[in-house]
Amino acid sequence: MTTVLFTCAGQRVDIVTAFARAGATTVATDADRLAPALYHADRHALVPLVRDPDYLDALAELVEQHDVRLIVPLTDLDQAILSAARERLAPALVLAPSPEVCEAMGDKYLAHTFFEQHGIDTPRSWLPHEVPDDARYPLLVKVREGFGSRHIYPALDPSELAARLAATPVDSFVQERCVGEEFSIDVFCDLDGRCLNAIPRTMIQSKGGESIKGRSLDDRVLIAHGARVAETIGVVGPANVQCFREPDGTHPVTDVNLRFGGGFPLPLAAGSRYPELALALARGERPEPTVGVFREGVVMTRFFSDICLVEDASGALVPLDPPSGA
């Protein structure tokens, strides 16, 4: 069985358990001992914070200890760090693109300029001091590096834009607001950047930037768009392409997250087999693309769940056994 190490596991129980069902031995890591995904993995370990100088040493030790063959980052926090440390983490395969791609997509203004340079539709965007007089309001003040829809503020006119820019506590840029319907496209690429599949989904409802309700959509335009964007960027492994369908027929891309998206259970249920593809890459295989092969009309609706823990004799947290007769 292939051992997979998940970094910044957090609440991504859905991903850890999906890899286990695909046949992997799972090792989850986090700096927070209350991260739920830790207790749904076969093994888990607490590690330093991502920016700690000892972070990579801790991961390298786990790779050796558990014979890890695949490392899957579950947030945007450490992708560039892991990508740059491939040799140090060998023989495990780091499922992430090059550090340059990670950094370009991690900064949403740099991502915008990349899209423009490569002929990918994207909303007009500017640095704070470059907003032109013909900008179409309402505008959005958006954090350059962030996730979960944090630090995004609407501005209805120039005076409100100035106030928003003066008040925001983070490095930001300004972007025109899309007016069409929003979609997410969950893609997966091999180590050569070939798109193996692209599965669009509607955004029925989201909270905090994470999809909680959606439907898989067999839209050939969106499928081709997602595959083209992924291959143009140089995605390796999973990514989530967020775009709109505007009244003029364009599909401007607002974000590309180089990880499994928050709506991961939906493409999984639709037949993506993304965990199996990732494990195949770790074994040195080269799966053939099956772009557009999935089940349409699968609807996801998410809910809260929980795990209760107690301290064992050593002070470590372990899952509480269910009550007798439960």
Side-chain angles (χ1 to χ4, degrees), residues 1-99 101-102 188-193 196 235-239 257-261 264 268 272-287 316-319:
M1 296 176 69
T2 303
T3 300
V4 182
L5 176 69
F6 300 94
T7 66
C8 302
Q11 301 184 59
R12 299 317 305 264
V13 173
D14 53 344
I15 299 174
V16 172
T17 55
F19 271 80
R21 291 194 300 271
T25 298
T26 56
V27 181
T29 68
D30 205 284
D32 180 2
R33 72 195 297 243
L34 295 182
L38 294 177
Y39 304 99
H40 287 80
D42 296 308
R43 303 163 194 148
H44 71 268
L46 297 177
V47 296
L49 293 170
V50 166
R51 300 296 177 183
D52 190 294
D54 295 328
Y55 180 65
L56 287 174
D57 285 339
L59 296 185
E61 184 176 338
L62 290 170
V63 168
E64 181 176 2
Q65 178 182 351
H66 298 293
D67 191 24
V68 171
R69 294 304 166 122
L70 179 66
I71 298 176
V72 180
L74 296 185
T75 71
D76 306 316
L77 296 174
D78 62 349
Q79 290 170 340
I81 295 172
L82 298 178
S83 180
R86 292 182 192 277
E87 293 186 6
R88 188 171 174 183
L89 296 170
L93 168 68
V94 175
L95 197 64
S98 69
V101 170
C102 293
F188 193 93
C189 297
D190 67 11
L191 303 186
D192 298 318
L196 301 182
V235 169
V236 170
N257 301 305
L258 301 173
R259 53 173 168 75
F260 289 115
F264 169 83
L268 180 70
S272 70
R273 301 188 71 251
Y274 288 167
E276 286 87 348
L277 292 177
L279 293 173
L281 296 180
R283 294 192 296 266
E285 300 172 13
R286 196 170 190 266
L317 287 174
V318 296

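Contact annotation: the side chain of Leu317 approaches that of Leu34 to within less than 4.5 Å [non-hydrogen atoms, C-beta and beyond]. Annotation: side chain of Leu277 is not in contact with side chain of Ser272 (no heavy-atom distance under 4.5 Å). You'll find the side chain of Gln65 stays beyond 4.5 Å of the side chain of Val63, heavy atoms only. The side-chain heavy atoms of Leu82 and Leu56, taken from C-beta on, include a pair separated by under 4.5 Å.
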Go through Ile71 and Leu59 one step at a time and tell me if the side-chain contact (heavy atoms from CB on, under 4.5 Å) criterion holds. CA-CA 9 Å; Ile71 298 176; Leu59 296 185; 5.7 Å; no
Derivation and outcome, side-chain contact (heavy atoms from CB on, under 4.5 Å), residues Gln11 and Val13: CA-CA 6 Å; Gln11 301 184 59; Val13 173; 5.9 Å; no
Just do the side-chain contact (heavy atoms from CB on, under 4.5 Å) check on Leu191 and Leu93 with the steps written out, would you? CA-CA 10 Å; Leu191 303 186; Leu93 168 68; 4.1 Å; yes
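Across Pro73 and Thr7, no two heavy atoms sit closer than the pair CA-OG1, 3.2 Å. Scanning all heavy atoms of the two residues, the minimum distance from Val50 to Leu77 falls at CG1-O, 3.6 Å. Closest approach of Arg33 and Leu46 over heavy atoms only: CA-CD2, 3.5 Å. The minimum heavy-atom distance linking Leu70 with Ala92 is given by the pair N-CB, 4.1 Å. Here the closest non-hydrogen pair linking Val236 and Pro97 is N-CG, 3.7 Å. Smallest separation of non-hydrogen atoms from Leu38 and Ala28: CD2-O, 3.4 Å.
At distances below 3.5 Å, not a single donor-acceptor pair connects side-chain atoms of Ser83 with backbone N or O atoms of Gln79. A donor-acceptor pair under 3.5 Å is formed between the side chain of Thr29 and the backbone N or O of Phe6. No side-chain donor-acceptor contact under 3.5 Å links Arg88 to the backbone of Ala60. Using a distance-only test at 3.5 Å, with no hydrogens or angles considered, no donor-acceptor pair links the side chain of Asn257 to the main chain of Arg259.
Applying the ring pair (Phe, Tyr, Trp, His ring centres under 6.0 Å) test to residues at least two apart or on different chains, the pairs with a partner in residues 44-92 are Tyr39-His44.
Here the CG atom belonging to Leu258 is positioned 12.0 Å from the OG1 atom belonging to Thr75, to the nearest 0.5 angstrom. Separation of atoms CG (Asp32) and SG (Cys8) is listed at 11.0 Å; rounding is to 0.5 Å. Here Glu61 contributes atom CD and Asp54 contributes atom CG; the two are 10.5 Å apart, rounded to the nearest 0.5 Å. Taking CG of Asp78 as the start and SG of Cys102 as the end, the distance is 9.5 Å to the nearest 0.5 Å. With rounding to the nearest 0.5 angstrom, the NE2 atom of His40 is 13.5 Å from the CD1 atom of Ile15. Between the CZ atom of Arg21 and the OG1 atom of Thr17 there is a distance of 4.5 Å, given to the nearest 0.5 Å.
A 6.0 Å sphere centred on CD of Glu285 holds more than 12 heavy atoms belonging to other residues, nucleotides or ligands. For Arg283, the CZ atom counts as densely surrounded, since its 6.0 Å shell holds more than 12 non-hydrogen atoms of other residues, nucleotides or ligands.
Partners of Asp42 under the salt bridge (charged side-chain N to carboxylate O under 4.0 Å, His left out) rule, at least two apart in sequence or in another chain, do not exist in this structure. Among residues two or more places apart in sequence or in another chain, the salt bridge (charged side-chain N to carboxylate O under 4.0 Å, His left out) test is passed with Arg43 by none.
Phe260 and Phe188 have parallel rings, their planes meeting at less than 30° on a 0 to 90° scale where 60° marks the start of perpendicular.
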